[in-house]
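Throughout, protein chains are lettered first and strands after them, A, B, ... in sequence-line order, and every chain is numbered starting at 1. The model shown is predicted, which means the values in this text are computed figures rather than measured ones.
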Number of protein chains: 2
Amino acid sequence: MIARRDPEATRKAILDAAEEVFLDRGVADATTSEIARMAGVTKSLIHHHFGSKDALWREVKLRRFREYGDAQRTMLEESEGPPGEQLLRDSMEMYFRFLQANPEMVRLLAWMYLEDDSDCGDLDRDLTELGVDRIRQSQTEGRFRDDIDPHHILLAFLALTQHWFHFRDPFLEDTGLVGPRSELDEQFLDTLLKIFFEGILPRGNA
Amino acid sequence: MIARRDPEATRKAILDAAEEVFLDRGVADATTSEIARMAGVTKSLIHHHFGSKDALWREVKLRRFREYGDAQRTMLEESEGPPGEQLLRDSMEMYFRFLQANPEMVRLLAWMYLEDDSDCGDLDRDLTELGVDRIRQSQTEGRFRDDIDPHHILLAFLALTQHWFHFRDPFLEDTGLVGPRSELDEQFLDTLLKIFFEGILPRGNA
DNA sequence: TCCTTAACTGGCCGGCCGGTCAATTATGCC
DNA sequence: GGCATAATTGACCGGCCGGCCAGTTAAGGA
């Protein structure tokens, strides 16, 4: 039974609708009327619960980002033990899987970049630290080459994964590669790990 | 001396202003009045020369994309001879330099992705083909490992470079890395080449 | 020189958007 | 059962935006 008045559910409905519209068309192009219609509420109710369009956008971002941060943190902490090649391979695959399952996150990051957003800066900073520490540890243990700044390794890691989900579709159109998308994802994941860990030169002639 | 009427110059002024405003705030958030003001013309003149706001945005994209395509093509054709590691290293560096000198291109690509644009699909397709052919040739000559789809190599190449310019600034803030930006660019270029060609594992234990 | 063409202007309009407000109705606490 | 509180509604507003139009002025070929 649905309560006739359920503010918590209403907030959620609004946030869900807002996320969909905002991520699809951008904040500027989205209208509160449309969000209200999609959420099945009145426009005024949005202002009642969130104050303004911008504040609503902010809430949408924070919600997703918290979820994202939690997933990442769980990922890193779940996989305890000495970080080595296998662990980082697993982390990379887990990150890949996460974006695969949450394509909205990719669009969210893109929008935030374009409006150079800093609302979620703190959340992001912590995450970065965690990842960098892991990599640095691997370096001191001699498992990774230590002539590269660990921050750069992390950035490359994120770049390869995010970029795939960013440009996968137009890229596939351009190249004429065909097949079920999930299979193409697997193929790229394989490539990604090969390049990231081993590079594109044949082994044995370095 | 400026001619009192110079339609060509006017078109350019409008395009320049439009590019700045569009790339800065996005199409939806940009207003024709602002573009007109910045270009020093009347709003009506924009419609006279370009028809509509969307058509203007389209022209902006095409102009930049043609320039981008020309630069890329020149890059690839200028460096004739058998493609090998050094050539691809050079190509990669040239691409890095290009984005370094044209940060607008990075934002343009981001906007186009978010509104899943297809206006410049043809231009992009040709470019992709050229790059892929080069890589494939290197593979058949045994200079690159051939167990990776050349399309994926190209994507990784673009990912690492574009991502740096995408997220350089927020990334630097998060990590607390400091120094003149040009120097940080050099450092990352170094990293990028190392990772892309050799991977992050220490050599000799593959 | 004249006349067609096109560059250019200022004023205007319909429409929609974000936001407000006063009124109504359900909720939960005492 | 009342009563404060908050959820919810629909009507409404000022403002701005993209686009249009009627008119003016320069350019350039015949």
Which letters describe nucleotides 10-21 of chain C, given B = protein heavy atom under 4.0 Å from base, S = only from sugar-phosphate, - = neither? BB-----SBBBB
Which residue pairs satisfy the ring pair (Phe, Tyr, Trp, His ring centres under 6.0 Å) criterion with at least one member in residues 49-70 of chain B, sequence neighbours excluded? Phe22(B)-Trp57(B), Phe65(B)-Tyr68(B), Tyr68(B)-Phe98(B)
Within the pair His48(B) and dA7(C), is there a side-chain N or O less than 4.0 Å away from OP1 or OP2? yes
Could you run down the sub-3.5 Å N/O contacts of the protein with nucleotides 28-30 of chain C?
none

Do the side-chain N and O atoms of Gln137(A) and Arg134(A) include a donor-acceptor pair separated by under 3.5 angstrom? no
note: Ile14(A), atom CD1; dA7(D), atom C1'; distance rounded to Å ~ 10 Å
Polar side-chain atom of Arg107(A) near backbone of Leu114(B) as donor-acceptor pair, under 3.5 Å: yes
Rounded to the Å, how far apart are Ile46(B) CD1 and dC20(D) P? 14 Å
Look at the rings of Tyr113(B) and Phe167(A) and say which category their plane angle falls in: under 30° parallel, 30 to 60° tilted, over 60° perpendicular. tilted
Once the angle between the rings of Phe157(A) and Phe196(A) is folded into 0 to 90°, is it parallel (under 30°), tilted (30 to 60°) or perpendicular (over 60°)? perpendicular
Can you check the Phe50(B) CZ to dC20(D) P distance for me, whole Å? 16 Å
Exactly one of Asp117(A), Val27(A), Leu23(A) should register a side-chain contact (heavy atoms from CB on, under 4.5 Å) with Trp111(A). Which one does? Leu23(A)
Protein-nucleotide distance (Lys12(B), atom NZ; dA7(C), atom P), rounded to Å: 18 Å
Do you see a donor-acceptor pair shorter than 3.5 Å between the side chains of Gln139(A) and Arg136(A)? no
I'd like to know if Glu8(A) and Lys12(A) make a salt bridge, using a cut-off of under 4.0 Å between side-chain N and carboxylate O. no
d(CG, Leu45(B); P, dT9(C)) in whole Å: 6 Å
